[in-house]
Amino acid sequence: MTNQVLTLWTVLTLAGIGGAFSNRAGVLNIALEGFLLLGAFSMTAAETLGLGFIGAVLFALITCAGAGFAWAVWSVRSRGNIFILGLGMNLLIAGGVTTLSSLLYGGKGVVQLSRLALHGHLVLSPWLNLAIVMVTTAAAWLFLFRTPWGIHLRAAGSCPGMLSGRHINPDTTRILALTLSAALAGAAGALLALRIGAFVPNMSANRGWIALVLVFIGASNPLGVAAAALIYSCAELFTTGIQGSTSIPGQLALALPYFITAAFLVAVNAVNRLKSKE
Amino acid sequence: MKHKLSAIAAAYLLILLLLFLTAGSPAKSVFRLFFGPFLSGYAFANLLNTAGLLVLTASGIVLAFQSGEFNLGGEGQAYAGALTSALTALVLPSFLPGVSIPIYLIAGGLGGMILGLVSGLLKRYTGTSVLISSYLLSGGVIAIIHFLVAGSLREEASYLLSTTPLAPELRIPRLIPGTNSHLALLLVPLVPLGLWFFLTRTVQGYELRLKGLNRNFAAYGGISTGAYDLWPITASAFLHGFAGALVVGGNHFACLQGGTAGLGWNGIGVALIGGNHPLFVLPAALFIGMLLEGIESATLFSRIPMETGFLIQGLLFLLISGKARKHGGRVFRRSKK
């Protein structure tokens with residue numbers, strides 16, 4: 001139980017902080033869901049192809065950062081609608097991962113990690129999860145609010161003219177923010193696959209969308225995102241735990257992230273509108 | 001225009017690559033990719049059916065887009081339409097098909113419309129972006145319908161995950177017996193034609209486009225922009241729901257789990273390729289229909305899974321909506337002094 005909460009917390013915090021970076025830079029990464037899946041799949045693929053554990057996780061990070069970078073360059077420089085471009089990336093990854101999985105493994109079912117038994121105890125240790133959350137959150141907060149690069153990143157979203165005035169291209173900053181956010185979501189996906197010990201189709205299970213909600217609830221602040229992620233993880237496992245894991249049908253649970261995201265957005269907008277009328 | 005053609009070419013290239021990697025006899029598959037939809041009457045009827053459905057959903061996308069909104073909830077709206085029409089058809093009498101068929105088709109449209117109406121109301125009263133709310137609502141509704149069709153609404157006797165099938169009398173009459181072509185498809189081209197007339201030849205259409213181009217200017221000119229926030233997205237969702245109902249009445253004769261999948265995303269693809277012009281929707285739908293049916297025909301005997309369709313949709317989205325800009329070669333540029 002504690003272990004489950006910790007894993008979910010880690011996954012949501014990593015992806016959420018990635019989303020927060022992109023949101024601060026003014027280009028909210030809608031494709032978190034896709035990058036989660038890509039991270040999980042590339043980690044599994046690298047591991048089954050013989051790379052060691054650490055190598056596989058690094059491979060997943062590099063894959064997601066690379067794919068994220070290519071996508072970000074295309075999206076930011078083309079000035080298209082970032083939401084549609086993000087959805088396009090989600091579709092591309094969902095289709096690409098299933099296609100690759102069929103080509104590599106001759107089916108689109110579950111792909112098991114081969115060496116999990118050897119390293120499982122290390123990876124699944126709650127202390128490691130805790131350490132990852134703490135270090136990432138602290139580092140992200142320091143980066144965002146205590147370094148010049150963090151100021152540049154935030155300025156790319158709130159005041160791009162200031163960056164241009166200092167001869168820094170806001171587009172470059174946005175591309176880097178999106179790449180970073182793709183890598184973080186990919187790391188979250190890799191951890192998810194490690195926890196389950198396999199790649200399962202649709203294993204991201206809309207966690208990427210929940211991470212986007214947490215970005216809003218946490219006001220795009222890494223500390224806020226981590227806190228919100230902890231509360232959400234406890235709440236989710238509490239509800240499934242209290243009702244017995246079979247009574248909430250899996251497919252209905254899949255609808256929740258969408259409705260929670262929508263309800264939260266509407267609430268924020270309604271409050272803003274009321275405030276502006278006063 | 002050029003970047004749209006290159007986007008389509010890229011989609012074909014990707015599929016060709018996959019075919020060469022997986023197919024037992026690549027030459028045969030490649031032939032099928034391009035000519036499969038024309039090899040038999042059955043395949044050709046499928047092409048007309050797919051293109052017809054996409055004309056409906058793409059017209060909905062164009063209508064919403066011209067009013068300045070993006071309807072990204074097409075998948076859920078079409079699915080909701082399919083479920084509503086399938087359930088309505090079950091309670092309708094089968095001795096008057098001429099009355100019952102239009103009723104359940106319209107019921108399907110209304111079922112999809114509810115989703116659009118919610119998005120429109122949220123936009124009107126809270127300012128929530130239609131683009132986001134329509135997508136999120138649709139995602140949630142799809143999960144719920146999946147659950148219902150596999151659960152309490154499932155027909156026990158069927159080996160598929162589907163609702164109880166329609167009475168044979170209530171199926172839309174065929175154009176060519178034994179194929180997917182049916183009478184209602186003949187009326188489909190009227191939708192983009194009517195939409196074109198409405199948008200370019202009526203005052204309301206002018207006001208709608210003006211609001212889409214510049215909301216503040218339209219409001220300044222005395223146009224009630226609130227109304228145009230609300231009804232175009234609602235009508236767009238109606239068209240999606242209607243397309244879903246046509247799938248039930250014309251193809252599956254029940255609401256299948258995932259039976260309308262792709263109508264929404266591909267409709268957006270068609271609208272993007274057609275440049276959001278109602279008349280260009282027709283050739284664009286035929287084109288995408290050929291691509292989709294060609295892929296289906298070519299991959300029938302290969303190891304490529306159905307989900308490859310997502311790959312193609314994603315590629316088209318990325319390539320068309322992110323128009324490549326001409327100037328600037330380097331990725332990292334310093335801004336101009």
Side-chain angles (χ1 to χ4, degrees), chain A residues 30 34 69 71 73-75 77-81 83-85 87-99 101-103 106-108 163-172 175 201 206 209 249-262 265-270 272-273, chain B residues 3 14 18 21-22 70 72 76 118-119 122-123 125-129 131-133 135-148 150-151 265 268 272 303-325 328 331-337:
Chain A
I30 294 292
F69 178 72
W71 168 69
V73 168
W74 175 255
S75 303
R77 303 260 284 120
S78 71
R79 299 256 182 272
N81 183 325
F83 194 95
I84 295 170
L85 289 161
L87 279 181
M89 196 61 186
N90 269 340
L91 287 169
L92 196 72
I93 292 177
V97 160
T98 319
T99 308
S101 161
S102 314
L103 294 185
K108 44 188 183 183
L163 280 187
S164 305
R166 308 188 73 178
H167 308 310
I168 298 165
N169 189 349
D171 280 0
T172 308
I175 290 169
N206 295 333
W209 293 99
Q251 265 180 327
L252 268 191
L254 282 181
L256 278 179
Y258 290 109
F259 289 135
I260 297 174
T261 320
L265 268 176
V266 170
V268 168
N269 283 328
N272 282 344
R273 178 165 277 207
Chain B
H3 79 280
L14 182 65
L18 285 174
L21 284 176
T22 60
F70 241 113
L72 291 184
V118 173
S119 286
L122 288 178
K123 165 79 184 177
Y125 294 106
T126 69
T128 307
S129 146
L131 183 122
I132 298 175
S133 74
Y135 175 78
L136 292 174
L137 283 175
S138 150
V141 165
I142 289 173
I144 291 179
I145 300 181
H146 273 339
F147 168 73
L148 289 176
W265 293 135
I268 294 172
L272 286 172
R303 287 193 293 138
I304 300 179
M306 226 173 60
E307 283 80 357
T308 305
F310 288 141
L311 197 65
I312 303 300
Q313 286 157 5
L315 192 71
L316 287 179
F317 273 36
L318 284 176
L319 292 182
I320 298 175
S321 84
K323 212 184 278 187
R325 288 195 301 163
V331 171
F332 291 104
R333 287 172 308 159
R334 299 220 137 196
S335 54
K336 292 186 188 77
K337 288 182 185 175

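Per chain, numbering begins at 1; letters A, B, ... match sequence-line order. Quick caveat: nothing in here was measured; it's all calculated off a predicted structure.
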Next on the checklist: Using a 4.5 angstrom heavy-atom cutoff, name the option from B/Leu137, B/Ile132, B/Leu316 with the most pairs to chain A.
Outcome noted: B/Ile132
Item to check | chain B interface, residue from A/Ala270, A/Ala94, A/Gly88, A/Ala262 that has the most non-hydrogen pairs under 4.5 Å | outcome: A/Gly88
Item to check | Residue pair A/Leu265 / B/Leu122, side-chain heavy-atom distance below 4.5 Å | outcome: no
Checklist entry - With ring centroids as reference points, do B/Phe310 and B/Trp265 lie under 6.0 angstrom apart? => result no
Checklist entry - Does the side chain of A/Ser78 come under 3.5 Å of the side chain of A/Trp74 through a donor N or O and an acceptor N or O? => result no
Item to check | Engaged part of B/Tyr125 at the chain A interface, taking heavy atoms whose separation is under 4.5 Å | outcome: backbone
Checklist entry - Counting heavy-atom pairs under 4.5 Å to chain A, which of B/Leu131, B/Leu72, B/Ile142, B/Leu14 comes out on top? => result B/Leu131
Checklist entry - With under 30° as parallel and over 60° as perpendicular, where do the rings of A/Tyr258 and B/Tyr135 fit, or are they tilted in between? => result perpendicular
Checklist entry - When heavy-atom pairs shorter than 4.5 Å are enumerated against chain B, which of A/Val97, A/Leu92, A/Asn272, A/Ile93 gives the highest number? => result A/Leu92
Next on the checklist: Nearest 0.5 angstrom please: A/Asn90 CG to B/Phe317 CZ, how far?
Outcome noted: 11.0 Å
